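Computed from a predicted structure; not experimentally measured. Atoms within a ligand are numbered from 1 in the order they appear, just like the ligands themselves.
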Amino acid sequence: MLAHRSPPALRRTLVLRSSLRIVHSEIGVKSWTESLPSCASVRPAQCPACEAGSRPAGGSLVLVGHGLRVRTIEGPVAPGEPPVLTEVTGRRYACRACEAIVVVVPRGVARAHRYSLPAIAAALAWWAYERVKAATVRQRTSTAKTVGASSATRWASLYRWTRCALGLFGIELPDRATIRESAARVAAFVASHAPLATGAVPADAFHGAAFCRPR
Ligand SMILES: [Zn+2]
């Protein structure tokens with residue numbers, strides 16, 4: 001039976017990977033990338049895994065700085081602007097209480113998605129709410145210049161993002177609806193979170209995306 005057990009180093013990697021937590025800072029992508037916040041300024045108040053306070057009074061730090069993690073996010077920086085690649089440096093922390101690794105990223109950076117949350121929200125709004133063709137939505141969202149024949153009319157990302165709406169934006173999909181109807185619902189929901197609503201759903205969805213609460 002021993003032969004089936006993973007070696008300690010591998011087990012440790014698996015534990016650490018499963019306990020990687022993403023925390024969104026209140027700071028937006030633009031300010032964050034202009035000037036990387038200090039380790040102390042964006043240290044979470046508590047560990048998101050074990051809920052231990054990160055700076056207990058009179059004690060030593062529990063969430064300690066653990067380097068940086070660079071990610072590339074894709075999409076327009078503002079609605080109507082051409083899509084670009086933006087390098088975002090996340091701050092990593094290690095929890096001394098439970099060994100979780102915590103990565104703090106600016107508001108608007110999605111967990112496990114290449115595109116920014118605002119880019120995803122605007123794309124869903126254009127496609128499902130304003131009935132813009134998928135190929136056009138892709139041109140406005142993606143920096144990739146070559147589009148395969150199969151994806152010229154159907155962009156799989158739009159379907160995937162709609163199905164991930166709960167984890168991305170915190171909205172449950174309606175039971176009986178087409179994927180495009182669901183996407184329209186997601187777009188309207190995200191647009192309702194825009195701090196300054198303009199009435200234009202794609203722009204409002206873009207600005208509201210970072211203010212939703214993913215589940
Ligand atoms: Zn912890």
Point to revise | Partner of Tyr93 by side chain to side chain contact (heavy atoms under 4.5 Å, CB included), out of Leu61, Val42, Ile101 | key: Val42
Study note, to complete from the structure: Count of protein N, O or S atoms below 2.8 Å from the Zn ion (ligand 1) equals 4
Review point. How close do Pro214 and Gly167 get, heavy atom to heavy atom, and via which atoms?
Key: CB-O, 2.8 Å
Review point. Under a 4.0 Å N-O cut-off, is there an ion pair linking Lys30 with Glu34?
Key: yes
Point to revise | Ion pair Arg107/Glu26, N-O distance below 4.0 Å | key: yes
Practice item. Assess whether ring pair (Phe, Tyr, Trp, His ring centres under 6.0 Å) is satisfied between Tyr159 and Trp127, documenting all intermediate values. Key: CA-CA 11 Å; Tyr159 294 73; Trp127 177 61; 5.4 Å; yes
Practice item. Examine Phe211 together with His207 and report whether their ring centres are nearer than 6.0 Å. Key: no
